[in-house]
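Data first, discussion second: the structure below is written as structure tokens.
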Amino acid sequence: MENSEQKSTFFERNAALIKGFFIGFLIFLLLIPTFMIQSLISEREGRKSEVIQEVSSKWGNSQQLIGPILRIPYYEISRVEKLNTNGKKEIEQTKSLEYAYFLPNKLVVNGLVSPEKRSRGIYEIVVYNSKTIFDGDFENISLEQFKVLPENILWKDASVLFTLSDFRGITDDIELTWNGNKSFYSSGAKLPFSRESNIAISGISTPVNINNEGKGKYVFHFEANLKGSESLNIVPIGKTTKVMLNSNWQNPSFIGAFLPDKRVVNEKGFAASWKVLHLNRDFPQQWTGITPETLTQSSFGVNLITPNDNYQQSSRSVKYAILIIALIFMAFFFIEILNKKRVHPFNYILIGLALCIFYTLLLSISEFLTFNISYLIATFLTVGLVFLYSKSIFQNTRLSGLVALVMLTLYGFIFVIIQLEDTALLIGSIGLFTILSITMYISRRIDWQNVGLKSN
């Protein structure tokens, strides 16, 4: 009998500790559904990417523009020493067709990007129409640096190449004006990047007139009306390249090897300009044979991002799930201790599941409404549910209201962090320090050695 009383006394005196261990174990178990929700967000985001790819493949993918590039064919003469039928040595001369490539002396690109939003089911995809104008000139074309004899140069077969990522995006014929003469581009051109693996960028080309010495200035102009999706990139191939892009899209992301020198972004859209010198990039103004691989690595442009992507923000919010669960459980635990109100372990389990379902509500609603409104609705539903449930447990409106206030404060704090980017870590650290300080203040007078969980 005495041992039974001592055992009963031990459990009573350590009830808070035992309950604390149970709550900690439950928090650990609730990591499982939060990981599952994170996986669900990734799955839905992957589905969105598939839809974007499907629509883009029919409309036009992201475009990368390279050109114009002047191509001059020539014969390369090689001499091989071999034995003839009489056993005497003789020199055999072979002739192979090669190409020399020249980049513009000056290149000016003016682009107008007109975005559109297309819907496929619940998903929204950004596509665009663009009108891109190319102006510039080539000057004093010479193959002397390649040690090509003048009689081996085929000036009459010179052509201008223009390449882009997706030819399905071409909406109109592209007409080149070359020193006042006009001609249309045709398909079938290639810009070789590897002789061994036969890798090349497909393009379009048109013949141009070059005098027999290549001297003088050759002024060009053409307009390309293109369709694309998400981003537009330009390779700075001019000795001096100037690019100006304008659009009514309010949320651009400037990408690539160079950021704009000047940019204006407001509610009317954006305007950005770049100036790139040949000294700023790692490929020459002329070459023969294969194209330098660094050519495409110097591209820059704009990405028409969709602001406040709901999947990214939902993913960020789930990362704070364990913090929300732990702090709300702590609030219930302190109410148990300070107000002698018993909360059954099963009640903790149901409350924990309600806190997890908050994120599935947030994800599903945000696929139809904006993230901010979805967050507000999910918060209202979750806080309301926990408030009514805790009221039935405590039989006390004031304590239930205190729990709801704690939840609203925590969800509001997390919402602010999600909206921030650069200062999210700073604000989050200050907030957590404040929460810890409040917790230490509340628990400072609790006698943890003899605390019990008896009901009033």
Side-chain angles (χ1 to χ4, degrees), residues 8-34 37 317-318 320-362 375-416 431-432 434-456:
S8 176
T9 302
F10 171 80
F11 281 110
E12 287 180 359
R13 289 182 178 179
N14 294 277
L17 180 63
I18 296 171
K19 179 62 75 68
F21 276 116
F22 168 78
I23 293 173
F25 179 70
L26 181 57
I27 292 172
F28 176 77
L29 287 181
L30 289 173
L31 284 173
I32 298 174
T34 59
I37 294 170
S317 66
V318 173
Y320 297 98
I322 194 65
L323 176 65
I324 293 285
I325 294 171
L327 292 176
I328 292 176
F329 277 7
M330 186 183 297
F332 275 93
F333 187 55
F334 278 163
I335 290 174
E336 280 196 79
I337 293 174
L338 298 176
N339 295 274
K340 304 300 180 181
K341 299 289 186 179
R342 295 296 298 272
V343 181
H344 194 273
F346 186 72
N347 300 138
Y348 277 100
I349 294 174
L350 291 180
I351 292 169
L353 292 176
L355 297 177
C356 290
I357 290 176
F358 165 84
Y359 298 100
T360 60
L361 284 172
L362 175 61
Y375 195 95
L376 179 65
I377 294 174
T379 299
F380 175 77
L381 293 175
T382 306
V383 173
L385 177 62
V386 174
F387 169 77
L388 295 175
Y389 188 63
S390 60
K391 186 177 179 180
S392 67
I393 297 172
F394 298 139
Q395 298 296 316
N396 188 311
T397 304
R398 182 181 63 84
L399 293 178
S400 301
L402 180 61
V403 171
L405 180 61
V406 170
M407 292 182 66
L408 288 173
T409 302
L410 290 174
Y411 282 127
F413 172 63
I414 299 302
F415 179 78
V416 171
L432 290 176
T434 303
I435 292 171
L436 178 61
S437 301
I438 294 173
T439 304
M440 294 174 69
Y441 178 79
I442 293 174
S443 62
R444 74 193 190 284
R445 293 185 179 179
I446 298 176
D447 184 3
W448 295 101
Q449 298 293 332
N450 299 299
V451 68
L453 295 174
K454 293 180 179 179
S455 301
N456 287 337

Residues forming a ring-ring contact (aromatic ring centres under 6.0 Å, His included) with F358, sequence neighbours excluded: Y375, Y411
Tell me if a side-chain donor or acceptor on T382 pairs with a main-chain N or O of T379 at a distance below 3.5 Å. no
Output the distance between atom CG (L410) and atom CD1 (I325), rounded to the nearest 0.5 Å. 11.5 Å
Under the rule for side-chain contact (heavy atoms from CB on, under 4.5 Å), what residues qualify as partners of F28, not counting sequence neighbours? L31
Could you tell me the separation between the CG atom of L29 and the CD1 atom of I349, rounded to the nearest 0.5 Å? 8.5 Å
Out of curiosity, I438 CD1 to T409 OG1, how far, rounded to the nearest 0.5 Å? 8.5 Å
Contacts of type ring-ring contact (aromatic ring centres under 6.0 Å, His included), residue F413, not counting sequence neighbours: none
Is F25 atom CZ crowded by more than 12 heavy atoms from other residues, nucleotides or ligands, each under 6.0 Å away? no
So which heavy atom on L362 is nearest to which on A378, and how close? N-CB, 4.0 Å
For I37 and C356, the nearest pair of non-hydrogen atoms, with its separation, is CD1-O, 3.2 Å
Once ring-ring contact (aromatic ring centres under 6.0 Å, His included) is applied, do any residues pair with Y348, and if so which ones, sequence neighbours excluded? F329
Not counting sequence neighbours, which residues clear side-chain contact (heavy atoms from CB on, under 4.5 Å) with A354? List them please. L385, V386
Minimal heavy-atom distance between G401 and F387, with the atoms involved, is N-CE1, 3.6 Å
With sequence neighbours excluded, residues passing side-chain contact (heavy atoms from CB on, under 4.5 Å) with L436: M440
Minimum heavy-atom distance between S317 and Y359, given as atom pair plus value: O-CE2, 3.5 Å
Residues two or more places apart in sequence or in another chain: which of them pass ring-ring contact (aromatic ring centres under 6.0 Å, His included) with F332? F394
Distance check, rounded to the nearest 0.5 Å: L355 atom CG versus I324 atom CD1? 8.0 Å
Output for pair (M407 CE, I351 CD1), nearest 0.5 Å, gives 8.5 Å
Rounded to the nearest 0.5 Å, what separation is found between the CD1 atom of I435 and the CE atom of M330? 9.5 Å
Between L323 and I414, is a side-chain contact (heavy atoms from CB on, under 4.5 Å) present by the stated rule, with each step listed? CA-CA 10 Å; L323 176 65; I414 299 302; 4.3 Å; yes
For A331, which residues count as a side-chain contact (heavy atoms from CB on, under 4.5 Å) partner, sequence neighbours excluded? V406
Taking only residues two or more places apart in sequence, or in another chain, which ones meet N396 in a side chain to side chain donor-acceptor pair (under 3.5 Å)? none
